[in-house]
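Structure first, commentary second.
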Amino acid sequence: MSSPLPAATRTPVPGVPHDPAALLRGATATQYARLTRAVVDDVAHRVAAADQPFSGAGRAELGERCDAVDLEAPGIGAAEALSEAAALYAGNAVWFHHPAYAAHLNCPVAVPAVAAEAMLAAVNTSVDTYDQSGAATLMERRLVDWTARRIGFPVGRDERGEAAGADGVFTSGGTQSNLQAMFLARQRALEGLHGTERAVAQSRLRILATAASHFSVAKAALLLGLSQDAVLAVGADGDGRMDPDALGRALTDVARTGDTVMAVVVTAGTTDRGCVDPIVPVADLADATGAWLHVDAAYGCGLLVSPTRRGLLAGIERARSVTVDYHKAFFQPVSSSALVVREAADLARGAWHADYLNPSHENGELNPDPNQVDKSLQTTRRFDALKLWVTLRALGADGIGRMVDATCDLAAAVHADLAGDPELRVIGRTDLSTVLFRYEPDGLDPARADALVPQVRRVLFDSGRALVAKTVAGGRPCLKLTLLNPDVTLADVRAVCDLVRSAARGLLAGEELADLDAPPCRGIHPRLTREEDA
């Protein structure tokens, strides 16, 4: 007897209609409003009630709860499905707004942006073509122009509304922005070459960046088919900032071997230390050699609106391309990033024609509609620009900038507060909002301090009471605080540091107990009798 077909391949029963309330349309608008209000109310309650950044539920427990949901079962209805999802997902989410969350580059999100997210999700605009987006395309272009002006790029539009100066496009994140920048740099370096000549030239392309640059630069080289040794590490100072003299030597070495520098990548906000490479002297060298200068400001782009720290990005206007991550430094929900180029012609190097999306002519004349699909690596693309638009209108650029400054000021205060701490040793400095440190009191073996780093992080995560990150700096593991919440106070961070101390002390005490033949509490606990007292 043959077995029944798997549920996923069963043939629908003829004549049985689909659920008429399944899709958002005029007839279901009231139900949509009711369901959405219920979700918003539930999330608002959870945000207000969160007393720690994570539930502390174990991975095995969460895995069992996920596996227990029968995804092949008949539908249970929208309200029940949302309630079930809220219990599983929201009930075990990591809350970035909680003051004890200090792990990664995740920011709490601006309230207007969250509301805008609901708007764009319901309308479901795709901004690849104008006839799918209308005003959305024009709003995104305005925000690209706004960002370009903040960078210092020339901005203008021709009579058709196309970019006559800088240009850009929103992306899913810094990784995609960096990939597209490297793709455009490669296209420029190989312009006019074909066949074997192009393949040989591509094998000799090199990217110069520090070891602290984001891993997406090396990943982009892999995806673009460059050689395995295409990304060359440039020397840096003790805090990981690119050394211009080392860059000069690297440029000379590449030229001497007959290879070609495809791009020089400056990092404006390294992931671990939050340091900004010196852009001006690097730009001087890039200009002198004709290398494409890309500034990865995914983390540091908030400095563009900072009232006090904008000078850290001096020279960024000399880049050919810049990565900005609004969902790191502008308090936007994921995803919200962009690639901005100084010259529109550079962005055009990646254009690809598909007549059903971007017809060049209409009724014998140039198509007058704006064309965004040529500018993006994506085709279907969310209208993520709406969130930033609403945030800027609600808070103003200066309002966002003051929030950016608050995070940087907090990091500076934490660095000062931990200076000379008898147990926590700070490592390096930051230009932005990170703090690297180790639990390393006098007398503790450095190797034992190394081992404590992942153990402390794990203990805190498993408890759900605080989240810190771990990384490696100067060849040694360390803990990392990434402070992207402008509402967090020095007292909040001190509380997290106290949890780190308690966890480290507890781990060390546990090891000492495990090494003893008999527990020391026998001479102390009132319910235990020492042999000599019997």
Side-chain angles (χ1 to χ4, degrees), residues 151 168 171 173-189 202 204-224 226-237 239-251 253-254 259-301 303 312-325 328 337-342 346-347 349-350 431-432:
I151 291 170
T171 71
T175 294
Q176 183 183 333
S177 295
N178 286 342
L179 170 61
Q180 186 165 0
M182 295 301 98
F183 168 62
L184 298 176
R186 188 197 69 176
Q187 294 302 92
R188 171 181 175 258
Q202 177 165 303
R204 309 205 69 167
L205 295 181
R206 300 292 179 261
I207 300 171
L208 301 183
T210 68
S213 66
H214 196 261
F215 73 86
S216 59
V217 174
K219 190 173 184 179
L222 173 67
L223 293 172
L224 292 172
L226 305 188
S227 64
Q228 291 185 341
D229 58 350
V231 181
L232 304 179
V234 177
D237 66 15
D239 290 313
R241 298 181 186 88
M242 182 179 286
D243 177 1
D245 291 337
L247 175 62
R249 292 190 293 271
L251 288 165
D253 290 344
V254 172
D259 294 334
T260 300
V261 176
M262 183 186 97
V264 174
V265 178
V266 162
T267 307
T270 54
T271 303
D272 283 338
R273 296 178 184 259
C275 289
V276 178
D277 289 340
I279 304 175
V280 171
V282 172
D284 289 341
L285 289 165
D287 287 348
T289 57
W292 180 295
L293 178 61
H294 174 64
V295 176
D296 177 5
Y299 181 8
C301 63
L303 298 173
L312 287 169
L313 294 181
I316 192 172
E317 70 283 355
R318 298 174 61 183
R320 291 192 75 136
S321 57
V322 176
T323 288
V324 291
D325 263 15
K328 288 186 175 68
S337 180
L339 175 69
V340 185
V341 298
R342 189 175 63 203
D346 280 337
L347 197 61
R349 297 178 189 277
D431 294 322
L432 298 175

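Summarising the geometry of Thr171 relative to Gln180, their closest heavy-atom pair is CG2-OE1, 4.3 Å, with the distance given to 0.1 Å. Smallest separation of non-hydrogen atoms from Val295 and Ala319: CG2-CB, 3.6 Å. Here the shortest heavy-atom pairing between Val261 and Ala291 reads CG1-CB, 3.9 Å. When all heavy atoms are compared, the tightest approach of Val324 to Cys301 is CG1-CB, 3.6 Å. The nearest pair of heavy atoms linking Gly174 to Thr323 is CA-CG2, 3.9 Å. Closest heavy-atom contact between Arg188 and Gly290: NH2-O, 3.0 Å.
Taking CG of Leu312 as the start and CD1 of Ile279 as the end, the distance is 9.0 Å to the nearest 0.5 Å. Annotation: the span from Met262 atom CE to Leu184 atom CG amounts to 9.5 Å, rounded to 0.5 Å. Taken to the nearest 0.5 Å, the CG atom of Leu205 stands 9.5 Å off from the CG atom of Leu224. Taking CD1 from Ile207 and CG from Leu232, the interatomic distance works out to 9.0 Å, rounded to the nearest 0.5 Å. One distance of note links CZ of Phe183 with CG of Leu339; it measures 11.5 Å at 0.5 Å rounding.
Between the side chain of Thr270 and the backbone N or O of Cys275 there is at least one donor-acceptor pair closer than 3.5 Å. Side-chain atoms of Asp277 never come within 3.5 Å of backbone atoms of Ala268 as a donor-acceptor pair (strictly under, hydrogens ignored). Of the possible polar contacts, one joining the Asp296 side chain to the Ala298 backbone as a donor-acceptor pair under 3.5 Å is found. Between the side chain of Asp243 and the backbone N or O of Asp245 there is at least one donor-acceptor pair closer than 3.5 Å. One N or O on the side chain of Ser177 and one on the backbone of Ala338 form a donor-acceptor pair closer than 3.5 Å. Without hydrogens or angle criteria, Asp325 side chain to Lys328 main chain gives no donor-acceptor distance under 3.5 Å. Under the 3.5 Å distance criterion, the side-chain polar atoms of Gln202 are left unmatched by any main-chain donor or acceptor of Arg186.
At least one side-chain heavy atom of Leu432 sits less than 4.5 Å from a side-chain heavy atom of Tyr299. Residues Val322 and Ile316 are in side-chain contact: their nearest non-hydrogen atoms beyond the backbone lie under 4.5 Å apart. In this structure, the side chains of Thr267 and Val276 stay at 4.5 Å or more apart for every pair of heavy atoms. For the pair Val280/Val282, no side-chain contact is recorded, criterion being any heavy-atom separation below 4.5 Å from C-beta on.
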For residues 209-218, run the donor-acceptor check on the side chains, cut-off 3.5 Å, and write out each pair with its distance to 0.1 Å, sequence neighbours left out.
residue	atom	partner	partner atom	Å
Thr210	OG1	Ala212	N	3.2
Thr210	OG1	Ser213	N	3.4
Ser213	OG	Thr210	O	2.9
His214	ND1	Ser216	N	3.1
His214	ND1	Ser216	OG	2.8
Ser216	OG	Asn178	ND2	3.0

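Residues in residues 278-294 take part in these salt bridge (charged side-chain N to carboxylate O under 4.0 Å, His left out) pairs, two or more places apart or across chains: Asp284-Arg318, Asp287-Arg318.
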Checking salt bridge (charged side-chain N to carboxylate O under 4.0 Å, His left out) for the pair Asp431/Arg241: CA distance, chi angles, key distance, verdict? CA-CA 10 Å; Asp431 294 322; Arg241 298 181 186 88; 3.0 Å; yes
As a quick check of understanding, evaluate side chain to side chain contact (heavy atoms under 4.5 Å, CB included) for Leu179 and Lys219, giving each step before the final call. CA-CA 8 Å; Leu179 170 61; Lys219 190 173 184 179; over 6 Å; no
Show your working on side chain to side chain contact (heavy atoms under 4.5 Å, CB included) between Leu247 and Val264 and close with a plain yes or no. CA-CA 9 Å; Leu247 175 62; Val264 174; 4.1 Å; yes
Given side chain to side chain contact (heavy atoms under 4.5 Å, CB included), test Val254 with Leu208 step by step and report yes or no. CA-CA 10 Å; Val254 172; Leu208 301 183; 4.3 Å; yes
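Legend: residues meeting side chain to side chain donor-acceptor pair (under 3.5 Å) with Gln176, ordered by chain and number and at least two apart, are Ser172, Gln378. Listed by chain and residue number, Arg256 satisfy the side chain to side chain donor-acceptor pair (under 3.5 Å) test with Asp253 (two or more places apart in sequence, or in another chain). Looking at residues two or more places apart in sequence or on another chain, you find a side chain to side chain donor-acceptor pair (under 3.5 Å) between Ser321 and Trp292, His294. With sequence neighbours excluded, no residue satisfies side chain to side chain donor-acceptor pair (under 3.5 Å) with Arg249.
Checked for salt-bridge contact, Asp259 and Arg206 meet the test: a charged N lies under 4.0 Å from a carboxylate O. Remark: Asp346 engages Arg320 in a salt bridge, criterion side-chain N to carboxylate O under 4.0 Å.
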